[in-house]
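Atom set for the values below is all heavy atoms of this structure, side chains included, hydrogens, waters and symmetry mates excluded. A quick note: this is a predicted structure, and the numbers were derived from the prediction, not measured.
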Amino acid sequence: MAAQQQQQQQQQQQKLRIGYVPACANERVRPAARAEHFSTPLHFARKHFGLRAELVPFPSGTGHMIQALQGAELDVGIGLTEGWVAGIGKAIKEHGSAEKAGYKLVGTYVETPLCWAISTGVKRDDIAGVEALKGKKIGVSRIGSGSYVMGFVLADQHGWLAKAGEAPFEVVPLNTFAKLREGVNGTDADFFMWEHFTSKRYYDNGEIKRIGEIYTPWPSWHIVARDPLDTRMQPMSDAINQGILWYTEHQDEAIEYISTELDYSAEDAKEWTKTVRFAGNVRGVDPAVVEKTIDILGKAGVLDASKCGVEDMVAIKREERARK
């Protein structure tokens, strides 16, 4: 008991290391601008409500965060639902144990689906729409990341997974958003998928071409923890809840922050705020959301749905009243 209390005291004295996906992976942007617009409530939670955390950017995406969690380089990750579920599914497939994933789902961050823009090279006249993508090379940040998983969801929606074991695309890992843009304008990849508003400025400046979009069939962002019993989890959830409320009630401040500190125009920031709804209470995960994600990812061949269940993935289930 004394050892447990000592461990808890040590945890309380240390800042949480929270990983998140930055909006901009453009190496030319100053470090202060390498922050995700979805992280705005986290900024407010630190600024106004004492969230004790080091926010660690992962420009390569959710898949890279999974590696950091497994290597004990992070305590918490805020990333894409499909990436987290796919990562645990991969651990079950390869090791026969969900514990090998190095994390479990503990919270819900964003209730709304994510719009993934589908992009190709600006001079790729041979690719005019999504129907031309079957059998092409898809650029992804990393295997297991959201950009990887959504390729299979896209293929499933278009009926390109009819034959078991037949890959709908050649997958090319390119690590960062900047490398993905370079890839489609060269010969490394034919297309990639990335969040709409992050991609928009590169459509506006003519660097890449938009050929379509796809929405996640689930709430887009969830929270995972390496140790769900970490005593810092509840204070973290409380502070983030307050940060979300501040974001909701101070939209002008949110737009100013996004458009001055991050890599967005005020117009795009304002439009983005209309499309996103953060969770009223971030603590806990709706089991039905995870069940649906497992089902769709299983159908897409990303994991074996027969071997995965909610209990493998979720450490803290959401109370019914928290879903309202």
Checklist outcome for this item: Between D286 and T108, the two heavy atoms sitting closest are N-OG1, 4.4 Å
Item to check | Polar side-chain atom of T62 near backbone of L80 as donor-acceptor pair, under 3.5 Å | outcome: yes
Checklist outcome for this item: Correct closest heavy-atom pair for T81 and W218 would be CB-CD1, 3.9 Å
Item to check | Nearest heavy atoms of Y203 and I208, plus distance in Å | outcome: CD2-O, 3.5 Å
Checklist entry - Is the shortest distance from a Lys or Arg side-chain nitrogen in E94 or K100 to a carboxylate oxygen in the other one below 4.0 Å? => result no
Checklist entry - Under 6.0 Å from the NZ atom of K90, do we count more than 12 heavy atoms belonging to anything else shown? => result no
Next on the checklist: For the OG atom of S220 and the NE2 atom of H222, what is their distance to the nearest 0.5 Å?
Outcome noted: 9.0 Å
Checklist entry - When you look at CD of E256, are more than 12 heavy atoms from neighbouring residues, nucleotides or ligands closer to it than 6.0 Å? => result no
Checklist entry - Salt-bridged, R201 to D268, with N to O below 4.0 Å? => result no
Checklist entry - Would you call E271 and K274 a salt bridge, taking side-chain N to carboxylate O under 4.0 Å as the test? => result yes
Next on the checklist: I need the minimum non-hydrogen distance between V184 and F192, along with the two atoms involved.
Outcome noted: CG1-CD2, 3.6 Å
Item to check | side-chain contact (heavy atoms from CB on, under 4.5 Å) assessment of W84 paired with V285 | outcome: CA-CA 12 Å; W84 296 136; V285 177; over 6 Å; no
Next on the checklist: I'd like to know whether D227 forms a side-chain contact (heavy atoms from CB on, under 4.5 Å) with M233, so could you lay out the CA-CA distance, the side-chain angles of the two residues, the decisive distance to 0.1 Å, and finally the verdict.
Outcome noted: CA-CA 9 Å; D227 177 11; M233 289 297 103; over 6 Å; no
Item to check | Q251 atom CD, neighbour heavy-atom count above 12 within 6.0 Å | outcome: yes
Next on the checklist: Checking the side chain of N185 only, and the main-chain atoms of E207 only, is there a donor and an acceptor separated by less than 3.5 Å?
Outcome noted: yes
Item to check | NZ/NE/NH1/NH2 to OD/OE distance under 4.0 Å, K317 and E311 | outcome: yes
Checklist entry - Partners of H196 by ring pair (Phe, Tyr, Trp, His ring centres under 6.0 Å), sequence neighbours excluded? => result none
Checklist entry - Between K137 and D190, is there a side-chain N and carboxylate O pair less than 4.0 Å apart? => result no
Checklist entry - Taking the six-membered ring for Trp, are W272 and F278 parallel (under 30°), tilted (30 to 60°) or perpendicular (over 60°)? => result perpendicular
Checklist entry - Got a donor-acceptor contact below 3.5 angstrom from the R232 side chain to the Q14 backbone? => result yes
Next on the checklist: Once you measure the plane-to-plane angle for Y264 and H37, does it fall in the parallel (<30°), tilted (30-60°) or perpendicular (>60°) bin?
Outcome noted: tilted
Next on the checklist: Students often mix this up, so state it plainly: with edges at 30° and 60°, are the rings of F169 and W160 parallel, tilted or perpendicular?
Outcome noted: perpendicular
Checklist entry - Taking a hydrophobic cluster as the set of Ile, Leu, Val, Met, Phe, Trp and Tyr residues connected by side-chain heavy atoms closer than 4.5 Å, whether directly or through intermediates, do F191 and L114 fall within one such cluster? => result yes
Item to check | Hydrophobic cluster membership, M236 vs L245, 4.5 Å side-chain cutoff | outcome: no
Next on the checklist: Looking at K292, I want to see if its NZ is surrounded by more than 12 non-hydrogen atoms of other residues, nucleotides or ligands under 6.0 Å.
Outcome noted: no
Checklist outcome for this item: One should read off an interatomic distance between T40 OG1 and I258 CD1, to the nearest 0.5 angstrom, of 3.5 Å
Checklist entry - When clusters are formed by joining ILVMFWY residues with side-chain heavy atoms under 4.5 Å apart, either directly or through shared neighbours, do L303 and I92 land in the same one? => result yes
Item to check | Under-4.0 Å salt bridge between E111 and R318 | outcome: yes
Checklist entry - In the single-linkage hydrophobic clustering (I, L, V, M, F, W, Y; side-chain heavy atoms under 4.5 Å), do I143 and M193 co-cluster? => result yes
Checklist entry - Transitively linked via ILVMFWY side-chain contacts under 4.5 Å: V122 with I118? => result no
Next on the checklist: How long is the straight-line distance from CZ of R17 back to CG of L74, given to the nearest 0.5 Å?
Outcome noted: 6.5 Å
Checklist entry - Yes or no on side chain to side chain donor-acceptor pair (under 3.5 Å) for D238 and Q242, after CA distance, side-chain angles and deciding distance? => result CA-CA 6 Å; D238 293 341; Q242 290 175 305; over 6 Å; no
